[in-house]
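One structure is given here, and the rest of the page talks about it.
Lettering of chains follows the sequences in order, A, B, ..., and the numbering in each one begins at 1. Both backbone and side-chain heavy atoms feed into the values below; hydrogens, waters and symmetry mates do not.
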Protein chains: 2
Amino acid sequence: MNIEHIRSFLEVAATGNFHRAGEHLHVTQSTVSARVQALEHRIGQPLFTRGRGGVALTTAGRRFHRYAVATVRAWEQGRQETALPEGFRASIALGTQVSLWERLVLKWIPWMRSALPDVALRLEADYSPSQMQKLADGLLDIGVMYMPRHIPGLAVETLLVEKLVLVSTRPCKVAPDWVADYVFVDWGEDFLVQHRQAFADMETPAVSVGLGAMGLQHILASGGSGYFPLRAVQPLLKDKRLYRVTKAPVFKRPAYMVYSADPSDQKLLDQALAGLRHVAREAADG
Amino acid sequence: MNIEHIRSFLEVAATGNFHRAGEHLHVTQSTVSARVQALEHRIGQPLFTRGRGGVALTTAGRRFHRYAVATVRAWEQGRQETALPEGFRASIALGTQVSLWERLVLKWIPWMRSALPDVALRLEADYSPSQMQKLADGLLDIGVMYMPRHIPGLAVETLLVEKLVLVSTRPCKVAPDWVADYVFVDWGEDFLVQHRQAFADMETPAVSVGLGAMGLQHILASGGSGYFPLRAVQPLLKDKRLYRVTKAPVFKRPAYMVYSADPSDQKLLDQALAGLRHVAREAADG
DNA sequence: CATATTGATCGAAAAATTCGATCGATATGG
DNA sequence: CCATATCGATCGAATTTTTCGATCAATATG
């Protein structure tokens, strides 16, 4: 069965008129008639009552209508999602965590556009678990994230290593007054482990924050200290709005890129990965 | 685009082999090849990597896969739902409330099977509001229910009038000791209004029940009185397990059938309605 | 190196789709 | 009552698409 036939059925149902349906579909009335008849024959039921001033759906036609909509929509959407934009040769689908978006992907886009102008880019910012699934299912070509799971068939490569440094709103060289104004920011499981090792005797901080940007806003507004990516606080250190606690340990937080070990277009993937490595070098903390 | 093409894509994706896919679809390998190529051309992307020992989905192919499944399923299901069973000329879709199922529809089915053996029956038991919507949408041909809403384009016809009579587990001629052992059964809005008019000074009964069968079970188990359909309690009256309170008012509870005022097959509908009227007469309280 | 398996390709045959013209039925207006 | 307009069905011819069988080239297997 042809999807054009189903689309014709929907158009006739909408207009109630074979001629008008034909116009909308850019075919003749006899074509519409033939299509609807083919559909009716395939289903084995009349879908329209042909009468006086046009047509109306039969009970069977109305029953079929919702499935017709679903069928056409599923096909149309699948085509849309899968097809390449006009004038492109291939496409790369990349998923990333929001926090790595600005830092890496935003710079990778122009790199790709100039290096491979005929490759369309499909980008999504999502959270890590669903992204790993999409990579495993082959729905994404590249994932950029902290803390990937290891899955067979997927290669994981360190892209850059962020340095998390302790900063405070007051100048001080040693670890600050814990508990009082320290803000614990959850930078993920790796950080948690390192943090616990370094500050084994530390009591539970009064404030702990799940999202980095929130923690930074908090200490800037209310004063305090906490671990933040060097890159993110560097301008604030220059402005003397924050001070680095130089004696405190520095933690490392690596970001990875994940990709298929056996891609359908090895060459294309290699180029895209090279671009990511390039922007990662440029974005390195130094 | 042809749905067989999409089905072929799915079969190839499942088997990883054009030959085997062809066998499953009862076509030759070259047909499968042509179909997949047509699909790829229509989408503008290769969906498989053809290689050494078979084929594998590309990223695009994997992306398309779920939509392919959705498309085929929607069409297949629509055809299933809409098509007539083998050897039937037409079909009638009837929806009813559960409580009227046994009373009417169960007897209507054999009537229809013998009167119109080449008409398929589609039956669903549902609750009134969604049923009226389905009737209005033309998804049902006939609805059988208490308390239909009136909707333009739908005809409503009284099918039978149930008599609700007061019965008690103890013999008594007059209204029983209210409140103490009377069970109020909610037989719908009409009943509520009549009941309130007849027993204006009645206090709120101790027990009120939403479903008729539950109320009947309750008074049979624990003793008491309440309104029930004459038809339902008649055998219990004969067995002297219940006694009718003859002086109490009798309430009427009409059941209706609802159908399109302008059906696509008037003659067929008329015959089905005649059948319903017939079984309703037989089921009348007398 | 022979052999088997894979998907692509080609040409011919078959099937389907499409179009334009026309038909019959029905409604509208004078 | 009749001329006219509108509607969908139908027909035949032209076109396009689909299918098949045979064959080819590439790649594994023993």
Side-chain angles (χ1 to χ4, degrees), chain A residues 1-58 60-61 64 68 72 75 79 262 264-266, chain B residues 1-58 60-62 64 68 71-72 75 79 262 264-266:
Chain A
M1 178 45 56
N2 198 308
I3 290 181
E4 299 307 317
H5 291 19
I6 302 175
R7 207 196 304 278
S8 301
F9 160 80
L10 287 173
E11 195 57 44
V12 172
T15 59
N17 184 307
F18 277 52
H19 282 98
R20 244 190 307 285
E23 284 172 26
H24 292 176
L25 298 164
H26 307 296
V27 293
T28 60
Q29 169 263 326
S30 62
T31 297
V32 176
S33 179
R35 285 178 177 179
V36 170
Q37 280 181 54
L39 188 59
E40 285 176 322
H41 181 261
R42 183 77 183 74
I43 288 181
Q45 286 261 72
L47 298 171
F48 295 103
T49 50
R50 284 77 164 165
R52 12 186 198 298
V55 295
L57 284 165
T58 60
F64 180 66
V72 172
W75 156 249
R79 204 179 58 79
D262 175 33
S264 47
D265 189 338
Q266 181 77 58
Chain B
M1 178 46 54
N2 198 309
I3 290 181
E4 299 308 317
H5 291 19
I6 302 175
R7 208 195 303 277
S8 301
F9 161 80
L10 287 173
E11 196 57 43
V12 172
T15 59
N17 183 308
F18 277 53
H19 282 98
R20 245 191 307 286
E23 284 171 27
H24 292 176
L25 298 163
H26 307 296
V27 293
T28 60
Q29 169 263 326
S30 63
T31 298
V32 176
S33 178
R35 284 180 178 179
V36 170
Q37 280 182 52
L39 188 58
E40 287 177 322
H41 182 259
R42 183 76 184 76
I43 287 180
Q45 286 262 71
L47 298 172
F48 294 103
T49 50
R50 282 80 162 163
R52 23 204 183 290
V55 296
L57 284 165
T58 61
R62 276 185 290 262
F64 180 66
T71 306
V72 172
W75 156 250
R79 202 178 59 79
D262 177 32
S264 48
D265 189 338
Q266 181 79 58

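Contacts classified as side chain to side chain donor-acceptor pair (under 3.5 Å) and involving residues 36-46 of chain B (residues at least two apart or in different chains) are given here: B:Ser33-B:Gln37, B:Glu40-B:Arg50.
As judged by a 4.0 angstrom heavy-atom cut-off over every strand, A:Asn2 is placed among residues making no nucleic acid contact. Contact annotation for B:Val32: no contact, since no heavy-atom pair falls under 4.0 Å across all strands.
Expressed to the nearest 0.5 Å, how far CG of A:Asn2 lies from CD1 of B:Ile3 amounts to 8.0 Å.
Side-chain N/O atoms of A:His5 include none lying less than 4.0 angstrom from OP1 or OP2 on C:dA16. Contact annotation: A:Asn17 side-chain N/O to D:dG8 OP1/OP2 distance is under 4.0 Å. The phosphate of D:dT19 has OP1 or OP2 within less than 4.0 Å of a side-chain N or O from B:Arg35.
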Expected rows: protein N/O vs nucleotides 25-29 of chain C N/O, under 3.5 Å:
none

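No side-chain N or O of A:Thr15 forms a donor-acceptor pair with one of A:Arg20 less than 3.5 Å apart.
Taken over five-pair windows at either terminus, the axes of the helix from C:dC1-D:dG30 to C:dG30-D:dC1 are inclined to one another by 30° (rounded to 10 degrees).
If you check D:dG8, C:dG20, C:dG7 against the side chain of B:Gln29, the one that comes closest is C:dG7. Picking from D:dC20, D:dG8, C:dG20 the nucleotide with the shortest atom distance to the side chain of A:Phe18 gives D:dG8. Of the candidates D:dC7, D:dT19, C:dG7, D:dC7 carries the atom nearest the A:Arg20 side chain, counting heavy atoms from C-beta on.
Checked by distance alone, B:Thr28 brings no side-chain donor or acceptor within 3.5 Å of a matching partner on the base of D:dG21. In the interface, the side chain of B:Gln37 is not paired with the base of C:dA8 through any donor and acceptor atom under 3.5 Å apart. Not a single donor-acceptor pair, N or O on each side, falls under 3.5 Å between the base of D:dG8 and the side chain of A:Ser33.
Of the two residues near DNA chain D, A:Ala34 and B:Glu4, the one whose nearest nucleotide lies more 5' is A:Ala34.
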